[in-house]
Structure formats: structure tokens, C-alpha cells
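Counting convention: from 1, in listed order, for ligands and their atoms alike.
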Amino acid sequence: MKLQILQNEQIAGSVMSIKIDNPGLFTARAGQFFMVKINDFNYPFLRRPFSITYFKDYIEIVYKIVGEGTSMLAKKQKGEFIDMIGPLGNGFEIVNSKKILLVGGGIGFAPLRFLKEELKGRSFDFDSFFGFNTKDEVCVDFGNIATMDGSYGYKGSVIDLVKDVIDEETLIYACGPSVVLSKLSDICLEKNAKMQVSLESRMACGIGVCLGCVIETKNGMKKVCDEGPVFDYKEILWEKM
Ligand code: FES
């Protein structure tokens, strides 16, 4: 489906926010994603997966410029159209809990911002923790922030920032690099906390056909695009990620 771009702007360092017209034809839940075709011509050949950051009167996707595809996307102007398939994937399962924490590393904050809106809509109490390398990368306007170089907020990793808050009554929703999620998983296991993780993965089709996103889990092989991207952390074989 071709949807019109309403705005495409830089919000931090190499981080962009693209807002797209929402035709109101479908619903979405936090943790789901769109497969986006950057150009009408066949380059880049494959669609790219992007988490949904906001979904109401418009669709927002926050993305980082990391290669040719995202560089091309960053040049798209208001009024142009992009071809999107979605929303895809399972999304987070919203469960009430005494203590809900959103924990994101880098651009992993993107689906958690959408989740924040869903939790607010249900009057669930929660707190948020996000980690970035430097102040330049900070692109959130809520929650507790850590930067590795100490240029903004707490100095250190988001793991250091959040670890003492986690206990057996905690339910974490997390997204970010697998190294961050893996460390978080160790802490959750130790403290007997619950956690749903949204995995970042390379995807070619996004609809369960190409098998390009398959991971080995404790429950067999799973397609991140189709059976994820959200999994219970205990299911993941972190040493294989
Ligand atoms: Fe093709 Fe998941 S990306 S099966």
C-alpha cells in the first residue's frame, strides 16, 4: 500500500522521524512493524523492517541512518509516497503487573514509545529506562536516560541504570541490541523477573516466507518476522544470538 509522507525530519544525530498518513484501514499494536520499500525502482531490492513508534491519526517511524537504504529514506520529502506492508508481527502482550519497566537500547526505544501510549491508555503505571552512546543520539523526551560517555543523564549503560530497580514483581518490555537484551536476561533470571523482548533482525520478506530471519530457540526454530519479533526472554538462546 502506498502511503503519503507528512514529514521526514532529523530528531537527533543520525536519527530521523518519518510521519506517514494513516488511512485508518488497519489497527496496530506496539511491537509490530512495517516492511518498507524505499524506492519505486528496484534498489534497494529488499524491503526494510521498521518498528512502529506512533500509530493514531498518523504513523510514525523513528529510524537511524545506517546504510544506503536508510540514507535514501532520509531524503524523502513531504508529499512523496512510500510503499509499506503491515502492520506485521505479533507485538507486545500487554499484561498488568505491579511494576512495569520499559527498557531500550539505542533505536530500540522506538516500539517502546508506542507501547508507552498503549499503557497510558489503560492507566497502567510504568517507568522507562533508555541507553545511548552519547548525547547526540538521545531522541526520547521521557524516561530515565543513560549515556555511555556521561554527556547526558546517568553515565554508563542502561543496564547499570535499571538493574537495581528490577525485582521479582517486575515485568520488563525491552528492545535493543542483543548484547543489551542478553545482559538484561541474566539479571531477570537472577531476580526471577518477567520480560518480553522485541528482537532486531535482518528480514527479507517480513511475512514468514523466505526463512531469512529464523533463530534457534528453546522451543525449536522460530521466524522472527512471523512468530516474533516479541518473545519471552526465557525462550531465547542468547549465546546463539
Ligand atoms: Fe522472511 Fe522472516 S523475513 S521469513
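Contact atoms of ligand 1 toward Ala204: 3 (S) (distance under 4.0 Å to a heavy atom of the residue). Annotation for ligand 1: atoms under 4.0 Å from non-hydrogen atoms of Gly208 are 4 (S). If you number the atoms of ligand 1 from 1 as listed, the ones under 4.0 Å from a heavy atom of Cys210 come out as 1 (Fe), 3 (S), 4 (S). Close contacts of ligand 1 with Val209, meaning ligand atoms under 4.0 Å from a residue heavy atom, involve 4 (S).
In this structure, Leu211 counts as a contact residue of ligand 1, since one of its heavy atoms falls inside 4.0 Å of the ligand.
Using a 4.0 Å cut-off between heavy atoms, Ile207 makes no contact with ligand 1 at all. When non-hydrogen atoms are compared, ligand 1 lies under 4.0 Å from the backbone of Cys205 as well as from its side chain.
Here the heavy atom of the protein found nearest to atom 2 (Fe) of ligand 1 is Cys213 SG, 2.3 Å. For atom 3 (S) of ligand 1, the closest heavy atom belonging to the protein is Gly206 N, 3.2 Å.
In summary, Cys225 places an N/O/S atom under 2.8 Å from atom 2 (Fe) of ligand 1, meeting the contact criterion.
Between the side chain of Glu137 and the main chain of Asn133, a donor-acceptor pair closer than 3.5 Å is present. In this structure, the side chain of Glu68 does not engage the main chain of Ser71 through any donor-acceptor pair within 3.5 Å. Using modelled atom types, no side-chain atom of Lys37 and backbone atom of Ile85 make a donor-acceptor pair closer than 3.5 Å.
Each of Lys99, Lys191, Lys98 was scored for a side chain to side chain donor-acceptor pair (under 3.5 Å) with Asp167, with one residue passing: Lys99.
Within the cation-pi definition used here (under 6.0 Å to the ring centroid, within 45° of the axis), Lys116 qualifies as a partner of Phe142.
The two atoms that bring Pro49 and Met203 nearest to each other are CB-SD, 3.8 Å, heavy atoms only.
With hydrogens and angles left out, the side-chain atoms of Asn219 and Thr217 include no donor and acceptor closer than 3.5 Å.
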